[in-house]
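The analysis underlying the following values was restricted to heavy atoms, covering all of them including side chains, and did not include hydrogens, waters or symmetry mates. Keep in mind that this is a model prediction, so the values were computed, not measured.
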Amino acid sequence: MRVYLAREVGFCFGVKRAINMTRQALAEHNDVSILGDVVHNRTVTSELEALGLKKVGELDDLRGGTMVIRAHGLPQGEIQQAHDRGLNIVDATCPIVTQAQEAAQELERRGCTVFIIGDRHHAEIKGVMGNLEKPAVVIDSVEELRELKLDKQRLRKVGVIFQTTHSFELCSTIVNELIMMCKEVQVINTICRPVRNRQMDAVELAQRVDVMVVVGSRSSANTLELKHLCHKYNHNTVHVEGPDELDPSRFEGVDEVGIASGLSTPPDTVEAVKRRLMEWDQQHSEALPVLA
């Protein structure tokens, strides 16, 4: 069995940056807290919490010390509250997410009704919305868009941004539908280029292997998006958080396996998945009878 890794696996730049900034904060300060998770990966968050990072659910839970802003960003109002409380702020927001926030603000300044294509419950989207003066419209499918009851005035001039980890294919389909509905549509493409490159690379690999393995957390939006895309082109797509979730029966008689990962998946986890597959293949080969 041959196992192929996608060209880019493991942490992206924004995730590496957030983790390194958090580690530095923990090394320099005694009381370091964060609202939510630095990134969506249990291995990463557990390691940082073991170093002393305190995860809290509300700003009211913080009384002082240093607060790290997660890679997905925070609404401006929450950041201001943290400043008002005298907290030392370490802003680990991914620069690409910051660009998306600024793009939404620019569209609002132009007088557009801001549409965000993405998951309304995702931390990144909440951060973008929290940096706008007026409510944005968040949609995640053409069906959801069609069901909206928006007055014609709001649809006269629309500005669109995308969740940075979203699928370009899905976003373009929704934009096409908006063009049919609205008088004017302005689009700022805020999809992260490394995300897009990973998606394209994973899709190409998925089409030429027997089984595709996507490694990453089930709470990671970009990992779930990657799994969905790979499954579209290869129905034998498996999503695992680590090597212990691999099912040997899925790989019996398989010649070629591809592996891709989410942006917040540790490279060591990807290597562990590859190593487990190679060990199974080696054990299988040794168990085969020798033909005279």
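Counting all heavy atoms, side chain and backbone alike, D31 lies closest to S33 at OD1-OG, 4.0 Å. In terms of heavy atoms, V158 sits closest to C112 at C-CB, 3.9 Å. Contact record, V128 with Q101: CG2-CG, 3.9 Å, taken as the closest heavy-atom pair. When all heavy atoms are compared, the tightest approach of H166 to D140 is NE2-OD1, 2.6 Å. Minimum heavy-atom separation, L263 to N222: N-OD1, 2.8 Å. In plain terms, the two heavy atoms of L226 and R198 that are nearest each other are CD1-O, 4.1 Å.
Taking hydrophobic clusters as Ile, Leu, Val, Met, Phe, Trp and Tyr residues chained together by side-chain heavy-atom distances below 4.5 Å, L148 shares a cluster with F162. A single hydrophobic cluster is seen to contain both V270 and L277, as judged by linkage of ILVMFWY side chains at heavy-atom distances under 4.5 Å, directly or through other members. Connection of V9 to V214 is not established within any shared hydrophobic cluster, with ILVMFWY side chains joined at heavy-atom distances below 4.5 Å, either directly or through further cluster members. Cluster annotation: I89 is not connected to L53 through the hydrophobic network of ILVMFWY side chains, with a link wherever side-chain heavy atoms come within less than 4.5 Å. Under the 4.5 Å side-chain heavy-atom criterion for ILVMFWY residues, a single connected hydrophobic cluster contains both V160 and V137.
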Evaluate the side chain to side chain contact (heavy atoms under 4.5 Å, CB included) criterion for residues R276 and D244: first the C-alpha distance (whole Å), next the side-chain angles of each, then the deciding distance (0.1 Å), finally the verdict.
CA-CA 9 Å; R276 181 69 57 85; D244 293 341; 3.2 Å; yes
Decide yes or no on salt bridge (charged side-chain N to carboxylate O under 4.0 Å, His left out) for D210 and R250, but give the supporting numbers first.
CA-CA 10 Å; D210 302 309; R250 294 293 298 268; over 6 Å; no
Check the pair T22, V90 against side chain to side chain contact (heavy atoms under 4.5 Å, CB included), reporting the backbone distance first and the verdict last.
CA-CA 8 Å; T22 305; V90 175; over 6 Å; no
Passes side chain to side chain contact (heavy atoms under 4.5 Å, CB included), T165 versus E225? Steps please.
CA-CA 8 Å; T165 57; E225 195 69 55; over 6 Å; no
Start with the C-alpha distance between L59 and L62, add both sets of side-chain angles, then the distance that settles side chain to side chain contact (heavy atoms under 4.5 Å, CB included), and finish with yes or no.
CA-CA 5 Å; L59 268 174; L62 296 177; 4.0 Å; yes
Please assess E28 against Q24 for the test side chain to side chain donor-acceptor pair (under 3.5 Å), listing each intermediate value before the final yes or no.
CA-CA 6 Å; E28 296 176 353; Q24 183 175 349; 3.1 Å; yes
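Using a distance-only test at 3.5 Å, with no hydrogens or angles considered, no donor-acceptor pair links the side chain of Q186 to the main chain of L107. Remark: side-chain polar atoms of D61 are paired, donor with acceptor, to backbone N or O of E58 under 3.5 angstrom. In this structure, R17 contributes its side chain and T93 its backbone to a donor-acceptor pair below 3.5 Å. Remark: side-chain polar atoms of E49 are not paired, donor with acceptor, to backbone N or O of K55 under 3.5 angstrom. Using modelled atom types, one side-chain atom of T265 and one backbone atom of V215 make a donor-acceptor pair closer than 3.5 Å. A donor-acceptor pair under 3.5 Å is absent between the side-chain atoms of S46 and the main chain of T43, judged by distance alone. Looking at S261, its side chain does come within 3.5 Å of a backbone N or O of G10 through a donor-acceptor pair. Judged by distance alone, the side chain of K134 and the main-chain N or O of V114 form no donor-acceptor pair under 3.5 Å. N41 places no side-chain N or O within donor-acceptor distance of the main-chain N or O of P266, the cut-off being under 3.5 Å. Using a distance-only test at 3.5 Å, with no hydrogens or angles considered, a donor-acceptor pair links the side chain of T173 to the main chain of E169.
The number of heavy atoms from other shown groups lying within 6.0 Å of CG (N30) does not exceed 12. When the shell of 6.0 Å around CZ of R156 is examined, it contains 12 or fewer heavy atoms from other residues, nucleotides or ligands. The environment of R109 atom CZ is dense: over 12 non-hydrogen atoms of other residues, nucleotides or ligands sit within 6.0 angstrom. Taking a 6.0 Å sphere around CE of M200, one finds it holds 12 or fewer heavy atoms contributed by other residues, nucleotides or ligands.
Using a 4.5 Å heavy-atom threshold, the side chains of F115 and I174 count as separate. In this structure the side chain of E271 reaches within 4.5 angstrom of the side chain of L5, judged on heavy atoms. A heavy-atom distance below 4.5 Å is found between the side chains of E102 and T98. For the pair D37/V44, no side-chain contact is recorded, criterion being any heavy-atom separation below 4.5 Å from C-beta on. Two residues are said to be in side-chain contact when any heavy atoms from C-beta on lie closer than 4.5 Å; L224 and H239 meet this criterion. The shortest distance between side-chain heavy atoms of F168 and V195 does not fall below 4.5 Å. Between M212 and V203 there is no side-chain heavy-atom pair separated by less than 4.5 Å. Counting heavy atoms from C-beta on, the side chains of F251 and V3 never come closer than 4.5 Å.
Residues R218 and E245 are paired through a salt bridge, judged by an N-O separation under 4.0 Å between the basic side chain and the carboxylate. Salt-bridge check for R146 with E177: passed, with a basic side-chain N closer than 4.0 Å to an acidic carboxylate O.
Every ring-ring contact (aromatic ring centres under 6.0 Å, His included) that H122 has, sequence neighbours left out, goes to H40, H72. Residues forming a ring-ring contact (aromatic ring centres under 6.0 Å, His included) with H29 (at least two apart in sequence, or on another chain): none.
Here Q76 contributes atom CD and Q80 contributes atom CD; the two are 6.5 Å apart, rounded to the nearest 0.5 Å. The line from CG of D91 to CD1 of I79 is 6.0 Å long, rounded to the nearest 0.5 Å. L205 contributes atom CG, which lies 9.5 Å from atom CD of Q207 (distance to the nearest 0.5 angstrom). Note that NE2 of H228 and OH of Y233 are 9.5 Å apart. Values are rounded to the nearest 0.5 Å. Atom OG1 of T164 is separated from atom CD of E124 by 3.5 Å, given to the nearest 0.5 angstrom. The CD1 atom of I125 lies 4.0 Å from the CD atom of Q163; values are rounded to the nearest 0.5 Å.
The salt bridge (charged side-chain N to carboxylate O under 4.0 Å, His left out) with D201 is formed by just one residue from the set R7, R196, R208; it is R7. Exactly one of M129, K126, E144 qualifies for a side-chain contact (heavy atoms from CB on, under 4.5 Å) with R120. That residue is E144.
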